[in-house]
Amino acid sequence: MAPFVLLFAAFGVYPMAFTLRLSFTDWRGSGAASWVGVDNYTYLLTNPAFWSSLGNSAVLWLLVIPAQLVIALVAAVLLDSGRTRLRAFYRVAFLVPFVTPLVAVAQIWVVVFDENYGAVNAALGAVGLPDIGWLTTSTWAKPTLALLFIWKTTGFIVIILLSGLQAIDGDVYEAASLDGAGRARRLWSITVPLLRRTLLFAVVLQTLAVFQMFAEPFVVTQGGPYGSTTTAGLHLYNHITRADLGTGAANSFLLVVLVMAMSLVFVRLLRSED
């Protein structure tokens, strides 16, 4: 275990400890760091921009997680069915967006959803509908980013759910069929309850991903319009670009605490169901 412990200490424990100490200082990347105590945390907790970034991430979470779980569950059930042809092909196809470089996908999103020259507005114009400012209006910018995130990462969640489905004993479905349960009833009464741990794992993973979301808003909207897509991850990055490393470190630890608290809530809910 020594190699793992050494690597984890060097690239895990030490950076976290250094960042925690840095969060109590004022440091601009050079020179000596001056100790400021909890001033960085006080500044963030009283800063409307910080709370706005958390609110934007929370809205994106609501737009992404429920829709993605439904899509991934339906896709996983269909791929697990023996009646579906070309299952190997579809599994690879679902993973293609996930393994595609995010910056390249985000640039495609910028082109496709451009208000003046994008393919989406061109399609709307072809059926007589008005153009929509997908990336230039506060109303549509978040749903457009959420759609990008869903398209990019759902394939990974499908693979996770497929692994859970393949662990379910087929005799359970056979017994339910003999009792007259249809597909919908089997899905709701057997598949979902037996997959609840896998679904929880997917929710925790995607919660971490949503609250760390950076490249999508940075490339597609630059946090606009009017800060409506400045996520928690992008807000943290803004401190780094201003060389305000102490405040950035405090921001990162507040995000860690928030995500850990949400994860503990999910685990608590799962235990209550058990």
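FYI, side chains are in, hydrogens and waters are out, and symmetry mates aren't considered; it's all heavy atoms of this structure.
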Review point. Within the distance-only criterion (no hydrogens, no angle test), does the side chain of K142 pair as donor or acceptor with the backbone N or O of V59 below 3.5 angstrom?
Key: no
Point to revise | Other residues, nucleotides, ligands: >12 heavy atoms within 6.0 Å of R21 CZ | key: no
Study note, to complete from the structure: So CG of L78 and CG of D80: to nearest 0.5 Å the spacing works out to 10.0 Å
**Study point:** From CG (N40) to CG (D244), nearest 0.5 Å
**Key:** 6.5 Å
Review point. In Å and rounded to the nearest 0.5 Å, what is the CG to CG distance from L245 to D26?
Key: 9.5 Å
Check your understanding: Among pairs that include at least one residue of residues 105-123, which meet salt bridge (Lys or Arg N to Asp or Glu O under 4.0 Å), considering only residues two or more places apart or in two chains?
Key -> none
Exercise for review: Output, in order, the C-alpha distance, side-chain angles, deciding distance and verdict of side chain to side chain contact (heavy atoms under 4.5 Å, CB included) for N121 and W134.
Suggested key: CA-CA 9 Å; N121 276 347; W134 298 102; 3.0 Å; yes
Check your understanding: Does V204 share a hydrophobic cluster with L63, counting links as ILVMFWY side-chain heavy atoms below 4.5 Å and allowing steps through other members?
Key -> no
**Study point:** Nearest heavy atoms of M16 and F253, plus distance in Å
**Key:** O-CZ, 3.4 Å
**Study point:** With sequence neighbours excluded, residues passing side-chain hydrogen bond (donor to acceptor under 3.5 Å, both in side chains) with Y43
**Key:** N47
Practice item. Would you indicate whether the side-chain heavy atoms of I160 and F201 approach each other to under 4.5 Å? Key: yes
Practice item. Would you please classify the geometry between the F113 ring and the W109 ring as parallel, tilted or perpendicular, with 30° and 60° separating the classes? Key: tilted
Review point. Does I168 reach the side chain of L165, with side-chain heavy atoms less than 4.5 Å apart?
Key: yes
Study note, to complete from the structure: Test side-chain contact (heavy atoms from CB on, under 4.5 Å), reference S23, set T25, L20, T19, output is L20
Check your understanding: For L45, does its backbone N or O pair with a side-chain atom of W51 as donor and acceptor, under 3.5 Å?
Key -> yes
Practice item. May I ask you to check whether over 12 heavy atoms, not counting those of W140, lie within 6.0 Å of atom CH2? Key: no
Practice item. Pick out which of N56, L148, L145 makes a side-chain contact (heavy atoms from CB on, under 4.5 Å) with P217. Key: L145
Practice item. Say whether V105 and V103 are linked into one hydrophobic cluster, either directly or through other cluster members, by side-chain heavy-atom distances under 4.5 angstrom. Key: no
Check your understanding: Counting N and O atoms only, with roles assigned by atom type, does the side chain of S57 sit under 3.5 Å from a partner on the main chain of A232, one being a donor and the other an acceptor?
Key -> yes
Point to revise | 4.5 Å side-chain heavy-atom contact, L79 and F94 | key: yes
Point to revise | Interatomic distance, F149 atom CZ to L102 atom CG [nearest 0.5 angstrom] | key: 9.5 Å
Study note, to complete from the structure: Rounding to 0.5 Å, atoms CD1 (I150) and CD1 (I157) come to a distance of 11.5 Å
Practice item. Mind checking the NE2-OG1 spacing from H235 to T247? Nearest 0.5 Å is all I need. Key: 9.5 Å
Practice item. For this output row, return yes or no: ring centroids of W35 and F24 closer than 6.0 angstrom. Key: yes
Practice item. Please report the shortest heavy-atom distance between A141 and T229, naming the atom on each side. Key: CB-CG2, 3.6 Å
Practice item. Kindly give the heavy-atom pair with the smallest separation between S138 and Y226, and that separation in Å. Key: OG-CD1, 4.0 Å
Exercise for review: Please assess L135 against Q222 for the test side chain to side chain contact (heavy atoms under 4.5 Å, CB included), listing each intermediate value before the final yes or no.
Suggested key: CA-CA 10 Å; L135 304 175; Q222 292 80 48; over 6 Å; no
Check your understanding: When hydrophobic residues are tied together by side-chain contacts of less than 4.5 Å, even through go-betweens, does Y14 share a cluster with F11?
Key -> no
Check your understanding: Considering all heavy atoms of both residues, which atom of F98 and which atom of K152 are nearest to each other, and what is their separation?
Key -> O-NZ, 2.7 Å
Check your understanding: Do Y41 and M260 share a hydrophobic cluster, counting only Ile, Leu, Val, Met, Phe, Trp and Tyr and linking them when any side-chain heavy atoms are less than 4.5 Å apart?
Key -> no
Check your understanding: If two hydrophobic side chains count as joined below 4.5 Å and joins carry through other members, does W27 share a cluster with Y237?
Key -> no
**Study point:** V64 vs T153, side chain to side chain contact (heavy atoms under 4.5 Å, CB included): CA-CA, chis, key distance, verdict
**Key:** CA-CA 10 Å; V64 168; T153 62; 5.7 Å; no
Review point. If we only count heavy atoms from C-beta on, is the L161 to Q166 side-chain gap below 4.5 Å?
Key: no
Exercise for review: Determine, stepwise, if the pair T144 / V220 fulfils side chain to side chain contact (heavy atoms under 4.5 Å, CB included).
Suggested key: CA-CA 10 Å; T144 306; V220 176; 5.6 Å; no
Exercise for review: Measure the shortest side-chain to side-chain distance between W61 and V203 over non-hydrogen atoms and say whether it is less than 4.5 angstrom.
Suggested key: yes
Check your understanding: So, for L124 and P130, which heavy atoms are closest and what is the spacing to 0.1 Å?
Key -> CD1-O, 4.0 Å
Review point. Is the side chain of T42 donor-acceptor paired with the backbone N or O of V38 at a distance under 3.5 Å, no angle test?
Key: yes
Point to revise | Heavy-atom closest contact (N251 atom, L236 atom, distance) | key: ND2-CA, 3.7 Å
